[in-house]
A.B. asks: 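The structure is given below, and queries will be raised subsequently.
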Protein chains: 2
Amino acid sequence: MKNDGKNRLETMIGKLKGNGYKITPQRLAILKILSTSIGHPSVEKIYEQVKKNFPTISRATVYKNILVIKDLGEVLELAFSNDSNRYDGHLPHPHPHAICTECKKIVDSELEILKDFTQKVREETGFRIYDHRIDFFGLCPDCQKNKE
Amino acid sequence: MKNDGKNRLETMIGKLKGNGYKITPQRLAILKILSTSIGHPSVEKIYEQVKKNFPTISRATVYKNILVIKDLGEVLELAFSNDSNRYDGHLPHPHPHAICTECKKIVDSELEILKDFTQKVREETGFRIYDHRIDFFGLCPDCQKNKE
DNA sequence: TCTTAAATAATAATGATTATCTTTTATTTG
DNA sequence: CAAATAAAAGATAATCATTATTATTTAAGA
Ligand SMILES: [Mn+2]
Ligand SMILES: [Mn+2]
Ligand SMILES: [Zn+2]
Ligand SMILES: [Zn+2]
């Protein structure tokens, strides 16, 4: 692991301060969840979590904080057509995901072969490529077992 | 090309009839657009196009028809977070796309390397994979020129 | 401590898509 | 061909995640 939760949190806080943002208790709580979660939480999940310590927090606060952190490049947003957005503050740079259509689990994937793939698409289409969104849908190991 | 517009249209009509759906003039017009378009049109684009011959058509009709055709597996839906959905009735099975962030052009990609990639994700995550959504974002050749 | 710009919280607005309901029509049957 | 009917069209309302607005509160620097 290049970045554990602590380092990610430090990075986020540093970036916010460096850009003149204030560190509020609510903001810090959101940052902590984003930096340590590997499960790609939704706004609702984050909201419910923060609510435990800040019972009056508004959903809008969660949305706005995520927007700020996203614009600073410190969280990756995964938007879906039906389900609501999911966030990765642990690995904020674009990477492939495996998504379980049963339990909605989202698992990171990091494969060298992606570079070759991207290069081939570049050659095939003539595009100058600088971003990607790669989702594989299927059944996670747990849900495969439960289907037996 | 395995399927030209004509064959795709025949396939779609056959599938609809085979499943007890009626062939209305409006539905046929939508099918024609979906089967021949290689530009991944939006609902709005389809609506505007059909409107030329059927001035009273409703957006709801376009939406409902696309839903039917999608459920029959004859059109691929590409949903986005900000922009509205785009549809591919020419190549209805999942395949990668190159998307221009400038002019919103969407170009098909079909590469053998995808099979290797999928296999590697399978091994890496333990998922049983049966679908994917792969988008590469960047600048198309035209928009690269216009930036010079 | 005082000042002030930024953040929070509550609430309204947005916009693409879906649902509902009435009218119209494609297809089947006699 | 005419009648019957289930499906489709068209109009409009509802949905729901997200964004915008606005009044109130607060973090952080002087
Ligand atoms: Mn991730
Ligand atoms: Mn396509
Ligand atoms: Zn699962
Ligand atoms: Zn372009």
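Numbered from 1 within each chain, the chains take letters A, B, ... in sequence-line order.
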A.B. asks: Centroid separation under 6.0 Å, is that true for the rings of B:Phe127 and A:Phe137?
C.D. replies: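 Between A:Phe137 and B:Phe127, the centre distance exceeds or equals 6.0 Å.
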A.B. asks: Tell me whether the OP1 or OP2 atom of D:dG10 has a side-chain N or O from B:Thr56 closer than 4.0 Å.
C.D. replies: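 Yes.
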A.B. asks: With nearest nucleotide decided by heavy atoms, which residue, B:Ala60 or B:Ile23, maps closer to the 5′ end of DNA chain C?
C.D. replies: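 Between the two, 5'-proximity favours B:Ala60.
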A.B. asks: Look at the rings of B:His40 and B:His97 and say which category their plane angle falls in: under 30° parallel, 30 to 60° tilted, over 60° perpendicular.
C.D. replies: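 Ring orientation of B:His40 relative to B:His97: perpendicular.
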A.B. asks: Can you tell me if the side-chain N/O atoms of A:Asn82 get under 4.0 Å from OP1 or OP2 in D:dC16?
C.D. replies: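 Answer no for this pair, as no side-chain N or O of A:Asn82 is under 4.0 Å from OP1 or OP2.
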A.B. asks: For C:dA7 and A:Thr24 - does any side-chain N or O of the residue sit under 4.0 Å from the phosphate oxygens OP1/OP2?
C.D. replies: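 Answer no for this pair, as no side-chain N or O of A:Thr24 is under 4.0 Å from OP1 or OP2.
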A.B. asks: Base, sugar-phosphate or nothing for B:Pro55? Non-hydrogen atoms, less than 4.0 Å.
C.D. replies: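 Counting heavy atoms under 4.0 Å across all strands, no contact is made by B:Pro55.
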A.B. asks: Expressed as a whole number of angstroms, how long is the span from A:Ile13:CD1 to D:dA28:P?
C.D. replies: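 After rounding, the reported distance stands at 11 Å.
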A.B. asks: Could you work out which one of C:dT11, C:dT17, D:dA9 sits closest to the side chain of B:Asn85?
C.D. replies: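 For B:Asn85, the side-chain atoms sit closest to C:dT17.
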A.B. asks: I want to confirm an ordering. Mapping B:Gln26 and A:Lys22 to their closest nucleotides on DNA chain D, which one lands closer to the 5' end?
C.D. replies: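 So the residue in question is B:Gln26.
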A.B. asks: Rounded to the Å, how far apart are B:Asn65 CG and C:dT25 P?
C.D. replies: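 After rounding, the reported distance stands at 16 Å.
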A.B. asks: Side chain of A:Tyr63 only, heavy atoms from C-beta on: which candidate in C:dA9, D:dT19, D:dA27 is closest?
C.D. replies: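 Of the candidates, D:dT19 comes closest.
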A.B. asks: For atom CD1 of A:Ile38, is the number of surrounding heavy atoms from other residues, nucleotides or ligands below 6.0 Å larger than 12?
C.D. replies: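 No.
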A.B. asks: C:dA16 C1' sits how many Å from B:Leu78 CG, rounded?
C.D. replies: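 To the nearest whole Å, that distance equals 16 Å.
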A.B. asks: Tell me which of B:Ser84 and A:Val68 sits closer to the 5' end of DNA chain C, going by the nucleotide each one is nearest to.
C.D. replies: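 Whichever sits nearer the 5' end wins; that is A:Val68.
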A.B. asks: Would you say B:Gln26 and B:Thr61 are linked by a side-chain donor-acceptor pair, where the criterion is simply a distance under 3.5 Å?
C.D. replies: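 No, no side-chain donor-acceptor pair sits under 3.5 Å.
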A.B. asks: Measure from CZ on B:Arg27 to P on D:dG10 and round the result to the nearest Å.
C.D. replies: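 After rounding, the gap between these two atoms is 12 Å.
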A.B. asks: Hey, are B:Tyr87 and B:Ser37 close enough side-chain-wise for a donor-acceptor pair under 3.5 Å?
C.D. replies: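 Not at all, the side chains of B:Ser37 and B:Tyr87 share no donor-acceptor pair under 3.5 Å.
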A.B. asks: Please give, in whole Å, the distance from D:dG10 C1' to B:Ile30 CD1?
C.D. replies: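 It works out to 12 Å between those atoms.
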A.B. asks: Rounded to the nearest angstrom, tell me the gap between atom CD in A:Glu44 and atom P in D:dT18.
C.D. replies: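 That distance rounds to 10 Å.
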A.B. asks: Would you indicate what A:Arg59 reaches in the nucleic acid, counting non-hydrogen atoms under 4.0 angstrom: base, sugar-phosphate, or nothing?
C.D. replies: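 Nothing: the residue A:Arg59, judged by heavy atoms under 4.0 Å, touches no strand.
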A.B. asks: Could you tell me the separation between the CZ atom of B:Phe80 and the P atom of C:dT17, rounded to a whole number of Å?
C.D. replies: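 My rounded result for the distance is 11 Å.
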A.B. asks: Can you tell me the distance, in whole Å, between the CD1 atom of B:Ile57 and the P atom of C:dT24?
C.D. replies: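 The answer, rounded to whole Å, is 17 Å.
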